[in-house]
Amino acid sequence: MEINEALKQAICKHTLLDISEQELTIPCDLIGDLGINSIDLIMIIIELEEVLQISIDEEDVDFSQLYELEYFNTIVEKLVNKE
């Protein structure tokens, strides 16, 4: 599965809004634009770790920036390419 596709699927699955993957564009603030909260973010991370076989650890990520779709996508791409 493509990284961007996996990320968008996980976000759409864990947001309360009825939003399609095509509607997720950069820039996108997961909190302000989609209402994602910290529990939603954890669920998205867990799903991505399972689907993409990666580990998103504290030393790899600035969690305060993960709410920005562009940053989240960049981090996931780096971790997938690192594996």
On a heavy-atom basis, which atom in [X] and which in [Y] lie closest, and how many Å separate them?
X: Leu48; Y: Phe72; answer: CD1-CE2, 3.7 Å
X: Leu66; Y: Tyr71; answer: N-CD2, 3.8 Å
X: Phe63; Y: Ile45; answer: CE2-CD1, 3.8 Å

Would you say Val80 and Ile46 are hydrophobically clustered, going by side-chain heavy atoms of ILVMFWY under 4.5 Å?
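Result: no, two separate clusters.
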With sequence neighbours excluded, residues passing side chain to side chain contact (heavy atoms under 4.5 Å, CB included) with Asp33
Cys28, Asp29
Listed by chain and number, what are the side chain to side chain contact (heavy atoms under 4.5 Å, CB included) partners of Cys12, not counting sequence neighbours?
Ile19, Glu21, Leu24
Counting only N and O atoms by type, is there a donor-acceptor contact under 3.5 Å from the side chain of [X] to the main-chain atoms of [Y]?
X: Thr15; Y: Leu34; answer: yes
X: Asn81; Y: Glu77; answer: yes
X: Asp57; Y: Glu59; answer: no

Which side-chain N or O atoms in residues 37-44 pair as donor and acceptor under 3.5 Å with protein atoms at least two apart or in another chain?
| unit_1 | atom_1 | unit_2 | atom_2 | d |
| --- | --- | --- | --- | --- |
| Asn37 | OD1 | Ile39 | N | 3.0 |
| Asn37 | OD1 | Asp40 | N | 2.8 |
| Asp40 | OD2 | Asn37 | N | 3.0 |

Between Glu70 and Asn73, does a side chain to side chain donor-acceptor pair (under 3.5 Å) hold up when you go through it step by step?
CA-CA 5 Å; Glu70 184 173 17; Asn73 191 62; over 6 Å; no
Only counting residues at least two apart or in another chain, list the ones meeting side-chain hydrogen bond (donor to acceptor under 3.5 Å, both in side chains) with [X].
X: Glu68; answer: none
X: Thr25; answer: none
X: Glu49; answer: none
X: Asp18; answer: none

Hey, does Glu47 have a side-chain heavy atom less than 4.5 Å from the side chain of His14?
yes
